[in-house]
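Below: the structure, in structure tokens.
Bear in mind that the values here come from a model prediction, so they are computed numbers and not experimental data.
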Amino acid sequence: MNQLLYEIVGWLGFLSRPVVLLQCLTTAGFALGYALWLRPRLKARRYRVSVLGAVGLWGVLRLNGLVIEQLGYPGDLATYFAQVWGAWVLLAVIRLLLLTRCPAKQIQLLYSRIVQPLFVLFVAGSLVNQLASLRDVAEIPLFPLFGSPLTTSNLFLLLTIPYFLVAFSAIPLVWLGHLLQRLFHFSHGTRAAGTLVLRYLLVAAGVLWLMHRVGLNTSAIAAIAGGLSVGIGFGIKEVFSNFISGLWLLFEGSVRPGSVLFIDGDPCEVRSLGLRAAVLWRNRDNAELVIPNQTFFTATTTTYTGSDSLRRSAVEIGAAYRHDPVVVIALLEEVARATVGVRVEPAPRAFLVRYSESSIDYSLRFWIDDPLGNLSIQSAVSQAIWHAFTANGIEIPFPQRVIHPPTDSTGPTPAAPAPQQD
């Protein structure tokens, strides 16, 4: 560790030289001018215009290095800064080309999770190589870990490789999953579950390789893990149960991304199945529900997309007693068939369900394709019924009560005598 500190102190001494300060300050000045003045004005325009501004900054930085060399000073560091910015501009141009052919969301995820972190690591490594020998810095011993000496390069691998294993493993395995699904005709749930299991296996294999590459004492790690497993097991048993439940749900296919479940009286769409919980979207208030995976094994869940997406809906309506039920039933079925969103097959059916005090009650039942659109389609059918009843003179009654005061057969009830006073 002391050797690394001495190395850093040497870098600070190198950066404090006047020639180096000149290159750093001029580069920083141009970069700040671009970030604070030029970029905000170009950001409001199209992405291509902002890329042209970045290309202009690269030209200015390159010219800065040439001017410093013409003045008789070494301009290697200024040239390096121009090369780094040029590489970033090249990535921006490639991103611009990809946006014309690929979905913007996927490109954004690719750049934010993989390309940008890799670029930061590249810049850090190349900058260290400008100040000193990167190979020598990588071999500096820091401290022992599980009985093995840990060097700077091994610490770097321990901090970065797990992240890139998780980030990189998703892309090729998704492509592999789609390829296997086309070859063997897997269901979507089986493909998603297989892709997830393969991803976990790939990450586990990468971690084992990393431990071997770093040279960690696997016997010491196994002993420590065995001692902690009993105490930690009680704390993470729910997490492990949810993890296994999520894999089982994906293989079984009963709950999968895109399914529509009935949760607490509302239809919800399954957005994703994670390690611990499923994320569901409720359309009536645009809320996301996070439900532990094992809940689907311990509670009854109603799904509208198990075998197909059809859902039967119904509208209750009452008509006055004077109207012929045959006419009312035929009109209700005709209204349902003419409403957008109601399926023609299976055909809508209307039924006389009861004789109430003020009306004859009917139930109009019909089928829809989108379970999440049930409420809006019910509203459309109800409005169409009101207009049809009004056009055909069919009354929708409401309860009425007539109260008659009691009367004597011989005449009106005499008033009570007034109280007498003493």
Applying ring pair (Phe, Tyr, Trp, His ring centres under 6.0 Å), name anything that partners [X], two or more places apart in sequence or on another chain.
| X | value |
| --- | --- |
| Phe262 | Tyr304 |
| Tyr163 | none |
| Phe164 | Phe168 |

First locate atom [atom1] of [X], then atom [atom2] of [Y], and finally report the distance between them rounded to the nearest 0.5 Å.
| X | Y | atom1 | atom2 | answer |
| --- | --- | --- | --- | --- |
| Leu331 | Ile385 | CG | CD1 | 8.5 Å |
| Leu91 | Leu96 | CG | CG | 12.5 Å |
| Asn154 | Leu159 | CG | CG | 11.0 Å |
| Leu61 | Trp85 | CG | CH2 | 8.0 Å |
| Ile396 | Ser358 | CD1 | OG | 13.5 Å |
| Leu77 | Leu127 | CG | CG | 7.5 Å |

**Q.** Worked check of side-chain contact (heavy atoms from CB on, under 4.5 Å) between Leu352 and Ile360
**A.** CA-CA 7 Å; Leu352 191 157; Ile360 300 177; 3.5 Å; yes

Quick one: side-chain hydrogen bond (donor to acceptor under 3.5 Å, both in side chains) pairs with a partner in [range], sequence neighbours left out?
| range | result |
| --- | --- |
| residues 379-390 | Ser379-Gln383 |
| residues 325-343 | Arg343-Asp369 |
| residues 109-122 | none |
| residues 58-70 | Thr26-Asn64 |

Can you check whether [Y]'s main-chain N or O pairs, donor with acceptor, with [X]'s side chain at less than 3.5 Å?
| X | Y | value |
| --- | --- | --- |
| Gln23 | Pro74 | yes |
| Thr100 | Leu97 | yes |
| Asn392 | Ile394 | no |

**Q.** Tyr80: partners by side-chain hydrogen bond (donor to acceptor under 3.5 Å, both in side chains), with sequence neighbours left out
**A.**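 So Tyr80 forms a side-chain hydrogen bond (donor to acceptor under 3.5 Å, both in side chains) with Ser126.
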
Looking only at non-hydrogen atoms, find the nearest pair between [X] and [Y] and report the distance.
| X | Y | result |
| --- | --- | --- |
| Tyr321 | Ser356 | OH-O, 2.5 Å |
| Ala78 | Ile68 | CB-CD1, 4.3 Å |
| Ala320 | Pro397 | N-CD, 3.5 Å |
| Ala167 | Ile114 | O-CD1, 3.9 Å |
| Leu332 | Ala350 | CB-CB, 3.9 Å |
| Ser359 | Gly318 | OG-CA, 4.1 Å |

Would you check if [X] and [Y] make a side-chain contact, meaning some heavy-atom pair closer than 4.5 Å?
| X | Y | value |
| --- | --- | --- |
| Trp88 | Val123 | no |
| Trp281 | Leu289 | no |
| Pro348 | Val342 | yes |

Q: Please list, chain by chain and in numerical order, all residues satisfying side-chain contact (heavy atoms from CB on, under 4.5 Å) with Arg365, sequence neighbours excluded.
A: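 Listed in chain order: Arg312, Ala314, Phe351, Ser363.
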
Q) By side-chain contact (heavy atoms from CB on, under 4.5 Å), which residues pair with Ile161, not counting sequence neighbours? A)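 With sequence neighbours excluded, Ile161 shows a side-chain contact (heavy atoms from CB on, under 4.5 Å) to Leu157, Leu165, Leu210, given in chain and number order.
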
Q) What residues, two or more places apart in sequence or in another chain, satisfy salt bridge (charged side-chain N to carboxylate O under 4.0 Å, His left out) together with Asp285? A)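 In terms of salt bridge (charged side-chain N to carboxylate O under 4.0 Å, His left out), with neighbours along the sequence ignored, Asp285 is linked to Arg282.
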
Q. Of all residues at least two apart in sequence or in a different chain, which pass the salt bridge (charged side-chain N to carboxylate O under 4.0 Å, His left out) check with Arg354?
A.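 Only Asp361 meet the salt bridge (charged side-chain N to carboxylate O under 4.0 Å, His left out) criterion with Arg354.
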
Q | Atom CD of Glu316: over 12 foreign heavy atoms under 6.0 Å | A |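 Counting neighbours around CD of Glu316, more than 12 heavy atoms of other residues, nucleotides or ligands fall under 6.0 Å, so yes.
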
